[in-house]
There are 2 protein chains.
Amino acid sequence: MSEELMTIREMCAEFDVTARTLRFYEAKELISPLREGQKRLFTKRDRARLKLILRGKRFGFSLEEIRQLLNMYDLGDQQQTQMLRTYELAQNRLAAMEAQAAELAEAIQELRDQIEWGKTILADRNISSE
Amino acid sequence: MSEELMTIREMCAEFDVTARTLRFYEAKELISPLREGQKRLFTKRDRARLKLILRGKRFGFSLEEIRQLLNMYDLGDQQQTQMLRTYELAQNRLAAMEAQAAELAEAIQELRDQIEWGKTILADRNISSE
DNA sequence: GTTAAAGCTTACGTCAACGTAAACTTACGT
DNA sequence: ACGTAAGTTTACGTTGACGTAAGCTTTAAC
């Protein structure tokens, strides 16, 4: 592990993904490792992006959606027009995520109630069987 | 709309899904409409379950996962063994959902910061261009 | 010098969750 | 009587996100 650049195997170990997955993400332009001849060398930037990709996936975003989110993280070196567009996109995405979070919270509460109800029934049965 | 039983078209309209989807869910044993000859008639129970199915999908659960969650909602008429198993399943699912909610909250905060940062840059540019 | 490990490309396979088309069968309105 | 609208089954097609296998090169180790 040369601190800065990592081989594909090292990446696989660190992030628990297959080499196929990394090549696939490169083909989809989600990451862009350097080349030493044929071989891929993954930079710090690639690792940061991969982290975000995997998190995005856990949230149920498609790779295409994630690609757009990733662009949003590249704000620094953009033109103003592009920034405004990106900013707008971020707003929408944020609203969607907040909505999802709210709904998720609600469902969690319902599930909690359901479990509590199950508990009650179990308790009743235990009492009545003594 | 006979209040109690609904045709497939009525279901499609009410839940904004296709007939194919409803038949597909029946094949997967997520819903089980009555039959009047060949034709399906959807009950209140089917509608309640479909609601949960669609919500589950929004959370990114697979249909198989949703099927298990649905069984959880059928606690009432189960044996104790089955209930314990189901209860356990509910606990796991709840933990997973809470973890997801936490992670989501974190991501939302990061996104918010990112947007704030973008705003700052925009503001700076506006000032420096005057 | 050659074998093994790690890498590469190309390309077909797979699985979930439906879409879509074909070829019927009632049920209803005129 | 007849079209047409709503329903059905059967079955092949599609998209996203990779898995998997074949065949070739490069580097490290013995």
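Quick caveat, the model's predicted, so the values are computed rather than measured.
- The stretch residues 26-43 of chain B touches DNA chain C through B/Lys39, each having a heavy atom within less than 4.0 Å of the strand.
- For A/Thr7, no side-chain nitrogen or oxygen approaches OP1 or OP2 of C/dA6 to under 4.0 Å.
- Atom CZ of B/Phe61 and atom C1' of C/dA17 are 17 Å apart (whole Å).
- When the P atom of D/dA6 is taken as reference, atom CG of B/Leu22 falls 16 Å away, rounded to whole Å.
- In this structure, B/Phe61 CZ and B/Arg67 CZ are separated by 15.0 Å, a value rounded to the nearest 0.5 Å.
- Nucleotide D/dA17 holds its P atom 15 Å from the CG atom of A/Leu50, rounded to whole Å.
- In this structure, A/Met11 places its CE atom 17 Å from C1' of C/dC8, rounding to the nearest Å.
- With rounding to the nearest 0.5 angstrom, the CZ atom of A/Phe42 is 5.5 Å from the CE atom of A/Met11.
- In this view, A/Thr21 and A/Thr18 satisfy the side chain to side chain donor-acceptor pair (under 3.5 Å) rule, not counting sequence neighbours.
- In this structure, CD1 of A/Ile66 is placed 9 Å from P of D/dC18, rounded to the nearest angstrom.
- Partners of B/Lys51 under the side-chain contact (heavy atoms from CB on, under 4.5 Å) rule, at least two apart in sequence or in another chain, are B/Phe15.
- Mapping B/Arg20 and B/Ser62 onto DNA chain C by nearest heavy atom places B/Ser62 at the nucleotide closer to the 5' end.
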Could you list the donor-acceptor pairs under 3.5 angstrom formed between side-chain atoms of residues 33-41 of chain A and any protein atom two or more places apart in sequence or on another chain?
{"residue": "A/Arg35", "atom": "NH1", "partner": "A/Gln38", "partner atom": "O", "Å": "2.9"}
{"residue": "A/Arg35", "atom": "NH2", "partner": "A/Glu26", "partner atom": "OE1", "Å": "3.4"}
{"residue": "A/Arg35", "atom": "NH2", "partner": "A/Glu26", "partner atom": "OE2", "Å": "2.9"}
{"residue": "A/Arg40", "atom": "NE", "partner": "A/Glu26", "partner atom": "OE1", "Å": "2.4"}
{"residue": "A/Arg40", "atom": "NH2", "partner": "A/Glu26", "partner atom": "OE1", "Å": "3.2"}

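- Qualifying side-chain contact (heavy atoms from CB on, under 4.5 Å) partners for B/Lys28, counting only residues two or more places apart in sequence or in other chains: B/Phe24, B/Leu30.
- Residue B/Phe24 contributes atom CZ, which lies 7 Å from atom C1' of C/dA16 at whole-angstrom precision.
- For B/Thr21 and C/dA17, the shortest distance from a side-chain N or O to OP1 or OP2 is not below 4.0 Å.
- Evaluation of the salt bridge (charged side-chain N to carboxylate O under 4.0 Å, His left out) rule for B/Arg20 yields no partner, not counting sequence neighbours.
- Atom NZ in A/Lys57 sits about 13 Å away from atom P in D/dG16, given to the nearest Å.
- Within the 4.0 Å cut-off from OP1 or OP2 of D/dA17, not a single side-chain nitrogen or oxygen of A/Tyr25 is found.
- Base pairing annotation: D/dA28 forms a Watson-Crick or G-U wobble pair with C/dT3, both donor-acceptor distances under 3.5 Å.
- Distance A/Asp16 CG to D/dC18 C1': 15 Å, rounded to the nearest Å.
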